[in-house]
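Order of the sequence lines sets the chain letters (A, B, ...), proteins ahead of strands, with each chain counted from 1.
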Protein chains: 2
Amino acid sequence: MPMFKPAKQNRIFEDVVEQIQDAILSGQVKPGETLPSERELREVFKVSRGTIREALRVLEQKGLIEIKLGVGGGAIVKEASVDVLAESLDLLIRHRKVSMEHLAEFRIGVEGDIVAMAVERATPQDIEELERITKMAQSYCDKGPDYVRQFLEADMQFHLTLSRITKNPMYDAIGRIIHENILSYYKDFIERKGIKLKENCDDLARLVAAMKAKRPEEARTVLKEHITRYASIFEEKKDQ
Amino acid sequence: MPMFKPAKQNRIFEDVVEQIQDAILSGQVKPGETLPSERELREVFKVSRGTIREALRVLEQKGLIEIKLGVGGGAIVKEASVDVLAESLDLLIRHRKVSMEHLAEFRIGVEGDIVAMAVERATPQDIEELERITKMAQSYCDKGPDYVRQFLEADMQFHLTLSRITKNPMYDAIGRIIHENILSYYKDFIERKGIKLKENCDDLARLVAAMKAKRPEEARTVLKEHITRYASIFEEKKDQ
DNA sequence: AAATTAGAATGGTAAGACCATCAATATGAG
DNA sequence: CTCATATTGATGGTCTTACCATTCTAATTT
């Protein structure tokens with residue numbers, strides 16, 4: 001059974017981290033509340049200020065607190081968010097040098113699940129939102145190749161909205177990471193290679209149509225084509 | 001375009017973090033190599049040792065380095081690992097931002113994709129491995145309720161093997177963090193509530209059979225039932 | 001040759017000082 | 001009186017210096 005941490009008992013600041021983290025997770029201090037100042041914490045824990053600060057850096061990186069400057073500032077307990085999850089996944093992708101092919105494959109799977117789920121959970125307001133974004137994308141599409149970036153932004157918004165419709169924070173986080181990592185690549189050479197704007201734009205419209213008709217499998221298929229079309233640009237690129 | 005970080009230009013240590021992180025991610029320093037000592041880094045960056053140390057705490061928490069004591073020790077660049085990812089998910093769960101229902105739903109989607117993919121990519125050796133694990137699980141199952149923990153371990157091994165068969169590092173990573181987080185919860189109260197070992201065991205056998213017959217959709221269905229059975233234990237638990 | 005000891009490099013902690021920021025308050029101008 | 005401005009003090013950010021704890025290396029001893 002893994003999931004134990006090495007019992008490095010040297011390192012006082014880790015003990016401080018643990019105590020403060022427990023206080024936060026157990027609800028003894030609630031989001032929005034401020035921890036005592038560094039100088040007060042120094043008294044409480046009977047350690048030096050440097051040690052306190054190292055502990056605060058760890059807690060900050062864990063996303064448990066954030067620091068505000070000036071009078072009345074200090075370490076404020078944060079609401080938990082998927083940001084840290086997103087950041088660590090991002091680091092993993094970059095550190096492991098995950099290829100675009102693997103990312104695209106992963107994306108097809110996950111976003112397929114997302115869209116199938118979204119079909120069932122979308123409220124009329126959600127559909128409206130998606131149609132609004134689609135219209136916007138359409139207008140950028142009509143304006144021609146100078147508006148590729150704006151189109152891509154709208155496209156990303158569309159997908160992120162789908163993630164949100166699932167009401168599942170896991171999909172919310174994963175959806176964001178996928179796009180953060182993919183979009184940056186796309187933007188680079190889409191301007192060089194061009195992109196078939198019209199087809200991509202039609203994809204969105206077809207997707208919304210499938211959703212309105214409550215046909216999850218059709219939506220999944222359209223999405224897969226959509227993503228594959230995107231990824232195909234990479235195929236061409238790889239040859240050069 | 002979102003996903004910018006606040007440009008807090010105060011905070012020198014963040015600049016240090018960024019520079020070292022870039023060096024690691026770009027491969028200028030490779031896993032296993034040691035960064036210069038704190039006292040040397042102090043010279044390089046022209047900052048105090050305390051500032052260097054705060055930067056190292058952040059990098060350590062990000063999972064990019066680990067610290068070794070004594071002569072020849074220092075900050076060693078780590079191999080990318082899913083540990084931080086798993087920890088951040090754990091924090092979200094404990095903060096109640098992600099529920100077991102969310103996780104189970106996510107798991108059904110992702111592992112469904114995994115198993116469908118595994119059907120197509122599994123080598124004869126992979127199938128053998130899965131059968132070996134299934135046999136082991138079966139034996140624990142036969143030994144009765146005292147071997148629930150071992151059965152759960154085997155079950156997890158089964159799923160992790162599936163993830164690996166995809167040969168896609170994204171699925172590998174996501175599969176692992178899901179199970180690392182789920183298993184610890186299950187173990188807790190499965191011993192109190194009991195579990196229908198036989199059905200779960202049969203699931204594995206049926207899954208392998210579907211894979212050998214190259215029927216991805218059947219495999220997907222079996223898997224969904226399997227996970228749903230697991231998750232149902234939580235449903236009961238919630239009422240008490 | 002093996003065991004022991006000493007040395008040195010390195011991270012861990014402490015204490016004290018000063019600067020930068022920012023909210024609350026006091027002060028001044030209109 | 002009202003609004004703008006200046007002052008003040010609490011707080012985080014950084015620097016310096018010092019010493020301790022750990023651990024590898026090598027010299028010393030047995």
Strand-adjacent residues in residues 51-59 of chain B, judged by heavy atoms under 4.0 Å from DNA chain C
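When residues 51-59 of chain B is checked for heavy atoms under 4.0 Å from DNA chain C, the hits, listed by number, are B:Arg53, B:Arg57.
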Sub-3.5 Å donor-acceptor pair from the side chain of B:Lys135 to the main-chain atoms of B:Arg132, do we have one?
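Answer holds: no.
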Looking for any heavy atom pair under 4.0 Å, which part of the strands does B:Gly74 touch: base, sugar-phosphate only, or nothing?
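Touches sugar-phosphate only.
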Calculate, to the nearest 0.5 Å, the distance between atoms CG and CD belonging to B:Leu59 and A:Gln61 respectively.
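Reported value, rounded in 0.5 Å steps: 8.5 Å.
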Between atom [atom1] in [X] and atom [atom2] in [N], what is the gap in whole Å?
{"X": "B:Leu69", "N": "D:dA21", "atom1": "CG", "atom2": "P", "value": "12 Å"}
{"X": "B:Ile65", "N": "C:dT10", "atom1": "CD1", "atom2": "P", "value": "16 Å"}
{"X": "A:Ile67", "N": "C:dT21", "atom1": "CD1", "atom2": "C1'", "value": "14 Å"}
{"X": "A:Glu60", "N": "D:dG13", "atom1": "CD", "atom2": "C1'", "value": "12 Å"}
{"X": "A:Phe13", "N": "C:dT13", "atom1": "CZ", "atom2": "P", "value": "6 Å"}
{"X": "A:Glu14", "N": "D:dA21", "atom1": "CD", "atom2": "P", "value": "18 Å"}
{"X": "B:Arg49", "N": "D:dT14", "atom1": "CZ", "atom2": "P", "value": "17 Å"}
{"X": "B:Arg11", "N": "D:dT14", "atom1": "CZ", "atom2": "C1'", "value": "12 Å"}

Determine the minimum heavy-atom distance between A:Arg42 and A:Ser48, stating which atoms define it.
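Of all heavy-atom pairs spanning A:Arg42 and A:Ser48, the closest is CG-C, 4.0 Å.
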Atom of A:His95, atom of B:Lys78 and distance for their closest heavy-atom approach
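Nearest heavy atoms, A:His95 then B:Lys78: CE1-O, 3.1 Å.
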Can you find a pair of side-chain heavy atoms, one from A:Glu54 and one from B:Glu60, that are under 4.5 Å apart?
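No, every pair of side-chain atoms sits at 4.5 Å or beyond.
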Please list all pairs meeting salt bridge (charged side-chain N to carboxylate O under 4.0 Å, His left out) that have one or both residues in residues 165-179 of chain B, counting only residues at least two apart or in different chains.
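Passing the test, one end in residues 165-179 of chain B: no pairs.
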What verdict does the side-chain contact (heavy atoms from CB on, under 4.5 Å) test give for B:Leu162 and B:Leu130, after you've listed the backbone C-alpha separation in whole Å, the side-chain angles of each residue and the deciding distance to 0.1 Å?
CA-CA 8 Å; B:Leu162 281 181; B:Leu130 290 175; 4.0 Å; yes
Do the side-chain N or O atoms of A:Ser48 get closer than 4.0 angstrom to the phosphate oxygens (OP1, OP2) of C:dT13?
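So the side-chain polar atoms of A:Ser48 never come under 4.0 Å of the phosphate oxygens OP1 or OP2 of C:dT13.
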What class does the angle between the rings of A:His226 and A:His159 fall in, given that below 30° is parallel, 30 to 60° is tilted and above 60° is perpendicular?
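Ring orientation, 0 to 90° scale: parallel.
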Hey, what's the ring geometry for A:Tyr147 with A:Tyr140, parallel, tilted or perpendicular (30° and 60° as the breaks)?
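Correct class here is parallel.
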Any residue in residues 34-47 of chain A with a heavy atom nearer than 4.0 angstrom to DNA chain D? Just list them by number, or reply none.
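Within this stretch, A:Ser37, A:Glu38, A:Arg39 sit under 4.0 Å of the strand.
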